[in-house]
4 protein chains.
Amino acid sequence: MSSKFLKLNPEKQDRIVNAAIKEFVQKGFKNASTDEIVKEANISKGSLFYYFKDKKGLFLYLYDYCSEIVMNEFFAKIDLNEHDILKRFREMLLLKIELIKRYPEIFEFMKVAYFEDAAEVKSDLERRNKEMITRSYQELFGDIDLSKFREDIDAKRAVNIIIWTMEGFSSQQQEKAKSLSLNDLDFDEILAEMDHYIDLLKKCFYK
Amino acid sequence: MSSKFLKLNPEKQDRIVNAAIKEFVQKGFKNASTDEIVKEANISKGSLFYYFKDKKGLFLYLYDYCSEIVMNEFFAKIDLNEHDILKRFREMLLLKIELIKRYPEIFEFMKVAYFEDAAEVKSDLERRNKEMITRSYQELFGDIDLSKFREDIDAKRAVNIIIWTMEGFSSQQQEKAKSLSLNDLDFDEILAEMDHYIDLLKKCFYK
Amino acid sequence: MSSKFLKLNPEKQDRIVNAAIKEFVQKGFKNASTDEIVKEANISKGSLFYYFKDKKGLFLYLYDYCSEIVMNEFFAKIDLNEHDILKRFREMLLLKIELIKRYPEIFEFMKVAYFEDAAEVKSDLERRNKEMITRSYQELFGDIDLSKFREDIDAKRAVNIIIWTMEGFSSQQQEKAKSLSLNDLDFDEILAEMDHYIDLLKKCFYK
Amino acid sequence: MSSKFLKLNPEKQDRIVNAAIKEFVQKGFKNASTDEIVKEANISKGSLFYYFKDKKGLFLYLYDYCSEIVMNEFFAKIDLNEHDILKRFREMLLLKIELIKRYPEIFEFMKVAYFEDAAEVKSDLERRNKEMITRSYQELFGDIDLSKFREDIDAKRAVNIIIWTMEGFSSQQQEKAKSLSLNDLDFDEILAEMDHYIDLLKKCFYK
DNA sequence: TATGAATGAGGATTCATTCAT
DNA sequence: TATGAATGAATCCTCATTCAT
């Protein structure tokens, strides 16, 4: 596959990956121009297709590249001994913030990939996405300690509400962050705000 | 504008709107083919560009067209005298179900439009989306009766959790519905499930 | 298929057909440049692909176009009541000369098509070639009066020798003609030479 | 030149020659891939272009290489003391069969080269082809004993008919052989069939 | 108004050839 | 000598948009 690409020196790999992610994020798969990518990465047209079979191959390579970072920097670091969903929830936010600080483009790319319509990559992506989602849901929320929840409510549904709250909170923050540069973000404030939600949920859902 | 389009007889307008929505939903903005649209709508290529300035103009027209239906069939019908967010929440689901039954493609189109990456329409859509969202949030959740909430929790944040629950629940159902045809959907079951969430939230968040 | 092409006015059709045949004859399928064809035909790049699906579609159209001319101007005109193979043989040469005079490029194109290696068209051509050859052999040599041949020789093999002689004679003449322009060809001389062969074969093979 | 190539050890030369012939036979000049050739020959891309100036140089080298084999294994072995064309004719077929058994690809390559359309090599090949053909015709048929022929026919023309018969017979057999593997060919049967033609021609053309 | 033929800039991809090592 | 990464001109093809009728 992309074995040729992996032999390049890391600096060059980075230039290409960054240029390609940027272009795909801005324009989506179909609209992204390989001309633009090679110009930005400062390589020749031929090289891109020497490293990757075609545009689709490049796109899927980037998806796998990003997935792996997310796996290593996010999923692998979660403390699976913590079975309190709200505590895990908090930890996940911390990890996510760390991830965004270090790899800001990667989240954008994963989002674009998730909603990509282009027929050429849709089926490949759907397979990978589905796999990733089921795997991660299982891993992240399969071992929750349900005994913590009030006994007069359905714990499963409460868990769902917590997950949706986490998702909603995240996209709310991302929406707010859109107009700001990374440096202008006040992560402490975000964390503090999140703690309010956690407290609220604990107070209402837990025994 | 699309004033020329609006002079057409409604049946023809419908054919064009439906053909275009179908194509955009299936393939996204960039990938959608005007050839396909005119073929499906049974009009000539020239006509399409006589009615609409360009592909982008058509897309944005459809967005406005769908927005208006959503406004009329959804927002306008909400009983603003009901200030209990959970009751309103339930009503909204009923209206949404009604809307999906009558205009199944419109929801799809709005979703596609929301995640469209194509540079040509991205900024225009973002402006309209933001506008619509802030307006509707204001309208839908600006007059909530916060006195119903327990006094030891922050009502604003509780409202947010309810909103995110509603959103999460909706997309969960849509995800499930993906493989099913409209006829196979059991709306009563969905409603019953939703009622469980409403009860749960009432029990936990209300006095 | 090429219905769009067939709606063009004949003069334009001719320009395109001639330009394309010329290019394919000179360079073969793969090496032929669609740029060159549109330049020579004085049409735009887009038009060529509006008329024909792709390069292969154009090539196969030309093949069918040439086949039909050969069918009408050659096969259809052969007098099937003449069962003497040598007389028919002579008639075929006359028709062939007539055909070359009127459509000089067509023979060249059919030869190029016959020996085309390019994988993209090879199988399509082989099917058509095989069909044409078996059909024409059947038609041309299926009803020969074998009673004219000496009884001490195998008539079937004698027929084959005659066919090969005809083929060999034709390619010999074509080889000679390569350096000459059409106007410089002395068809009467060719015919006279052929008559010598016919006499010889009659003298040797017939009773 | 290809002097650099000739310094290689024979085993390597063979690998390259065989790989290149195979590729050119399968795909023709233009369509043949130098990548495929170096992969099959197990040499580096750079080497190929170190040994040969360019693709055309490689192709023409192969042509000369094959020509020489044909010269040594075919023309050089013909018994020039045999002036009876039909006997020589028979001997040629035996030699040809021997040649095909030992170098099956070479015949294919010569045929492909003969009908190659690619502009880059066409003129070079035509020169060599013409040279070879005239030389060989001269050598093979220049010293025929014409006194054997019946006096009431033109011997020169009879010789041509015999040559064309031989050519036609050969291509008929090759056409039949196309779908068969070399091992499945029954050379004895071919020879027997050929003898029928020789007898027939002798009976009809000789005194 | 309506048509559909015509356009051409732009896009992805190929591949013989070069060249630094 | 040998390598294989790098190149970029050339190629086929697409498709929104225009325009003469």
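Letters A, B, ... are given to chains in the order of the sequence lines, protein chains preceding strands, and every chain is numbered from 1.
Taking 3.5 Å as the limit, the base of E/dT17 and the side chain of D/Lys45 contain a donor-acceptor pair of atoms between them.
Note on B/Arg128 versus B/Asp64: salt bridge recorded, some NZ/NE/NH1/NH2 to OD/OE distance being below 4.0 Å. A salt bridge does not link D/Glu131 to D/Arg127: none of the charged nitrogens lies less than 4.0 Å from a carboxylate oxygen. With respect to B/Lys56 and B/Asp124, a salt bridge is recorded, a charged nitrogen being found less than 4.0 Å from a carboxylate O.
Out of E/dT17, F/dA2, F/dT7, the shortest distance to the side chain of D/Leu8 is found at F/dA2. You'll find that the side chain of C/Phe49 is closest to F/dC12, out of E/dT13, F/dC12, F/dG8. When distances are taken from the side chain of A/Lys30 to each of E/dT13, F/dC15, E/dA2, the shortest belongs to F/dC15. Across F/dT3, E/dA6, F/dT18, the shortest atom-to-atom separation from the side chain of D/Ser47 is found for F/dT3.
Distance B/Lys53 NZ to F/dT18 P: 7 Å, rounded to the nearest Å. Rounding to whole angstrom units, CZ of residue A/Phe59 and C1' of E/dT13 are separated by 19 Å.
One finds no side-chain N or O of D/Lys7 lying less than 4.0 angstrom from the OP1 or OP2 phosphate oxygen of F/dA2. Under 4.0 angstrom from either OP1 or OP2 of F/dC15 there lies no side-chain N or O belonging to B/Thr34. For A/Lys12 and F/dA6, the shortest distance from a side-chain N or O to OP1 or OP2 is below 4.0 Å. When the side-chain nitrogen and oxygen atoms of B/Lys56 are compared with OP1 and OP2 of F/dA16, none of them lie within a distance under 4.0 Å. A sub-4.0 Å separation between OP1 or OP2 of E/dA6 and a side-chain N or O of C/Tyr51 is present.
If you check E/dA6 for Watson-Crick or wobble pairing at under 3.5 angstrom, you find it paired to F/dT17. Across the strands present, E/dT13 finds its partner in F/dA10; the criterion is a Watson-Crick or G-U wobble pair with both atom distances under 3.5 angstrom.
For the atom pair CG of D/Asp35 and CD of D/Glu23, the computed distance is 9.5 Å after rounding to the nearest 0.5 Å. Here the NZ atom belonging to D/Lys12 is positioned 9.0 Å from the CG atom belonging to D/Asn42, to the nearest 0.5 angstrom.
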